[in-house]
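Here's the structure we're looking at; comments come further down.
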Amino acid sequence: IPCLNIISYSHCPKKPNYNCPGKLIIFLIYYFSNVKINKINFNTKKGTLIMISIKELRKNKKAYKDSLMKRGEEFDLENIIQIDSQIRAIKTSASGMRAQRNAASDSIGEAKKSGRDASEEILKTRQLGDKLKDLETELNGLEINLEKILQRIPNIPHESVPDGSTEADNVEIRKWGEKVEHNFKPKNHMELGDSLKLFDFKTSAKLSGSGFPLYTGKGAELERKLINSMLDFHVKNYNYKELFPPVLMLKDSMITTGQLPKFQEDMYHTEVDNLFLAPTAEVPVTNIHRDDILEESDLPKYYVAYSPCFRRESGSYGKDTRGLLRVHQFNKVELVKFSKPENSYNELELLTSQAESVLKKLGLHYRVISLCAGDLSFSAAKCYDLEIWAPGEKRWLEVSSCSNFESFQARRGNIRYRRSADKKVELLHTLNGSGVATPRLMVALLETYQKEDGSVSFPKDVAEFLGIDEINY
């Protein structure tokens, strides 16, 4: 008689113990065939998503606390460790009770075979079952509580990240090019856009409200050609694989990359379908490999994707929101990498240089900034910002952030790889950078290459890259 080990999985958020399809399958197998069912395991709930390594936290609590303090963040790490200890203790107790219940069940079978009374064993199995239900309820509550706490803990800064609390503490790494000096008073992008009819903010406000640009004429052409040129450049020169992803995201996708739950108020959300508009192509592209196990030979993976990006920018009050400087909808070419842990910081340097190369092709004066711990994004372990000089605005404008998230996103999204040598499965590292975002890039292009008569004329190399020579009245 064949033996089966049957594992039935079912998860229903509203009824976590609902598992009728699996039970029906087992009953049918048992009823219609000569099969001895050797083991049945009902897995009725999803495992807890661990955002940071609690094992490492238990071993290095002070190091974790100090690293979070560098970010200006403070968490009750001792409470996390205590909740985890409770969870592990309950699991141990539950495992012991299951062993007792299984032994009692065996005794019931033996008693029935021998014809003796099994009422005592039956009562014991019922009592143990009731206790197990209570433990599972308590365990579920603790795991949900722990997950909520862990989801709000940011990544740990890399040791090379500069100390500091604000953008004033960021460190300039290098500069490229020179500030352009016009022999006339340069116009800003709003003045150029108005005279050359490149965008129409009055009409776009009528359509969608403020912060949603309407590009027109040569402005729309320049925007389109910027996107296409950057995509082609990264595919041709750095062997990125091009993707064209959806922009409506599941909640799980937003949790993986770190937008949720902490920054939900900054996201556009469709309440009926519970979908989020992606704030960056980083979200869909990173989640392509959520719950996947990649082979070591497949790494590193390079993806490039264009997408419109949507951000409510709820914290932008008091900041300069004129024109294209800070908008709710914008276009961006995104670079995403999946890397082995030991190579990820080399990949970060390559990623940054690849994003820089676009700015070099466009002949724009820029600088690379290493963000201090207090200015890092929630998910980043280390980040370089690329800032370009806008002569009309007379200031630096950020057009790209190149980040190494180490295993932070991979842990949240369960993205792993299998080592070739020992077949061990481990978390990989994820990286991403803008290659680059278009609004401020257009600002700098227009202001840098403007002429005294108000037209815009691109140098030969820049014109060849863009596929557009000049913008006239």
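Index from 1, following the sequence.
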task: Could you tell me which residues satisfy side-chain contact (heavy atoms from CB on, under 4.5 Å) with Leu142, sequence neighbours excluded, listed by chain and number?
output: Ile83, Gln86, Ile87, Ile90, Glu138

query: Should we count CD of Glu74 as having more than 12 external heavy atoms under 6.0 Å?
result: no

query: Hey, does Val443 have a side-chain heavy atom less than 4.5 Å from the side chain of Ile388?
result: no

message: Less than 4.5 Å apart, side chain to side chain, heavy atoms only: is that true for Thr280 and Thr257?
response: no

- prompt: Does NZ in Lys394 sit with more than 12 non-hydrogen atoms of other residues, nucleotides or ligands closer than 6.0 Å?
  reply: yes

field: Ser344 side chain to Glu406 backbone, donor-acceptor under 3.5 Å
entry: no

message: Does any part of the side chain of Ile415, heavy atoms only, come nearer than 4.5 Å to the side chain of Thr286, both counted from C-beta?
response: yes

query: Are any of the side-chain heavy atoms of Asp375 and Thr166 separated by less than 4.5 Å?
result: no

message: Could you tell me if the side chain of Glu334 sits less than 4.5 Å from the side chain of Ser434, heavy atoms only?
response: yes

message: Between Lys62 and Asp66 (salt bridge meaning N to carboxylate O under 4.0 Å), is one present in this structure?
response: yes

field: Chi angles and distances behind the side-chain contact (heavy atoms from CB on, under 4.5 Å) call for His189, Phe199
entry: CA-CA 10 Å; His189 77 286; Phe199 16 79; 4.2 Å; yes

message: Using the rule ring pair (Phe, Tyr, Trp, His ring centres under 6.0 Å), only one of Tyr303, Tyr306, Tyr302 pairs with Tyr240; which is it?
response: Tyr302

message: Side chains of His234 and Asn239: any donor to acceptor distance under 3.5 Å?
response: no

- prompt: How far apart are the closest heavy atoms of Val436 and Ala355, and which atoms are they?
  reply: CG1-O, 4.2 Å

field: Given Trp389, Trp176, Trp396, the one that forms ring pair (Phe, Tyr, Trp, His ring centres under 6.0 Å) with His365
entry: Trp396

query: With the threshold set at 4.0 Å, does a side-chain nitrogen-carboxylate oxygen contact exist between Glu393 and Arg322?
result: yes

- prompt: Between Phe378 and Phe408, is the ring centre distance below 6.0 Å?
  reply: yes

field: Interatomic spacing from CG in Leu335 to CG in Leu350 - rounded to 0.5 Å
entry: 12.0 Å

Donor-acceptor contact present, side-chain Asn432 to main-chain Val336, <3.5 Å: no

message: Test your reading of the model: is there a side-chain donor-acceptor pair from Thr352 to the backbone of Leu348, 3.5 Å cut-off?
response: yes

- prompt: For the atom pair OG1 (Thr125) and CG (Asp106), what is the distance rounded to the nearest 0.5 Å?
  reply: 11.5 Å

message: For residues 144-175, which residue pairs pass the ring-ring contact (aromatic ring centres under 6.0 Å, His included) check, not counting sequence neighbours?
response: His158-Tyr345

Arg101 side chain to Lys124 backbone, donor-acceptor under 3.5 Å: no

Pair Lys59 + Glu56: basic N to acidic O under 4.0 Å: yes

message: Take a 6.0 Å sphere around NZ of Lys360 and say whether it holds more than 12 heavy atoms from other residues, nucleotides or ligands.
response: yes

- request: State, yes or no, whether a side-chain contact exists between Leu77 and Leu68 at a heavy-atom distance under 4.5 Å.
  value: yes

- prompt: Can we say Arg152 and Glu73 salt-bridge, meaning some charged N sits less than 4.0 Å from an Asp/Glu carboxylate O?
  reply: no

query: Judged by atom type as modelled, is there a donor-acceptor pair below 3.5 Å linking the side chain of Arg174 to the main-chain atoms of Val368?
result: no

message: Between Arg126 and Asp130, does any NZ, NE, NH1 or NH2 come within less than 4.0 Å of an OD or OE carboxylate oxygen?
response: no

task: With rounding to the nearest 0.5 Å, note down the distance linking OG in Ser400 to CD in Glu387.
output: 11.0 Å

message: To check you understand the geometry: which heavy-atom pair defines the closest contact between Glu296 and Ala421, and what is its length?
response: OE1-N, 4.3 Å

Least distance between heavy atoms, Ser407 atom then His429 atom: N-CD2, 3.4 Å

message: Just so I know, are the side chains of Asp266 and Pro279 near enough to count as touching, which here means a heavy-atom distance under 4.5 Å?
response: no

message: Check Lys61 with Glu78, please: is the shortest side-chain N to carboxylate O separation under 4.0 Å?
response: yes

- prompt: Considering residues at least two apart in sequence or located in another chain, which fulfil the side-chain contact (heavy atoms from CB on, under 4.5 Å) criterion with Ser204?
  reply: Phe201, Leu214

Glu347 to Pro300 - nearest heavy-atom pair and separation: OE2-CG, 3.5 Å

message: Quick check against the 3.5 Å criterion: does Asn140 have a side-chain atom that pairs as donor or acceptor with the backbone of Glu136?
response: no

message: For Pro245 versus Val285, what's the shortest heavy-atom pair and its separation?
response: CG-CG2, 4.4 Å

field: Residues Glu223 and Asn331: side-chain donor-acceptor under 3.5 angstrom
entry: yes

task: Heavy atoms only: give me the nearest Gly433-Leu351 pair and the separation to one decimal.
output: N-CD2, 3.8 Å

field: Partner of Glu426 by salt bridge (charged side-chain N to carboxylate O under 4.0 Å, His left out), out of Arg416, Arg411, Lys340, Arg419
entry: Arg419

Straight-line distance of Asp84 CG to Leu146 CG, nearest 0.5 Å: 6.5 Å

message: Using modelled atom types and a 3.5 Å cut-off, is there a donor and acceptor pairing between side-chain atoms of Asp422 and backbone atoms of Lys424?
response: yes

query: Any donor and acceptor pair, going by atom type alone, linking the side chain of Arg311 with main-chain N or O of His328 inside 3.5 Å?
result: no

query: From Arg367 CZ over to Glu172 CD, what is the distance, rounded to the nearest 0.5 angstrom?
result: 5.5 Å

task: Return yes when atom NZ of Lys361 has more than 12 non-hydrogen atoms of other residues, nucleotides or ligands closer than 6.0 Å, and no otherwise.
output: no

- prompt: Hey, are the side chains of Tyr238 and Val304 touching, using non-hydrogen atoms and a 4.5 Å cut-off?
  reply: no

- prompt: To the nearest 0.5 Å, how far apart are CG in Leu431 and CG in Asn346?
  reply: 10.5 Å

message: Main chain of Gly141, side chain of Asn145: is a donor-acceptor contact present, judged purely on distance under 3.5 Å?
response: no

- request: Show your reasoning for whether side-chain contact (heavy atoms from CB on, under 4.5 Å) applies to Ser357 and Phe233.
  value: CA-CA 9 Å; Ser357 62; Phe233 179 78; 3.1 Å; yes

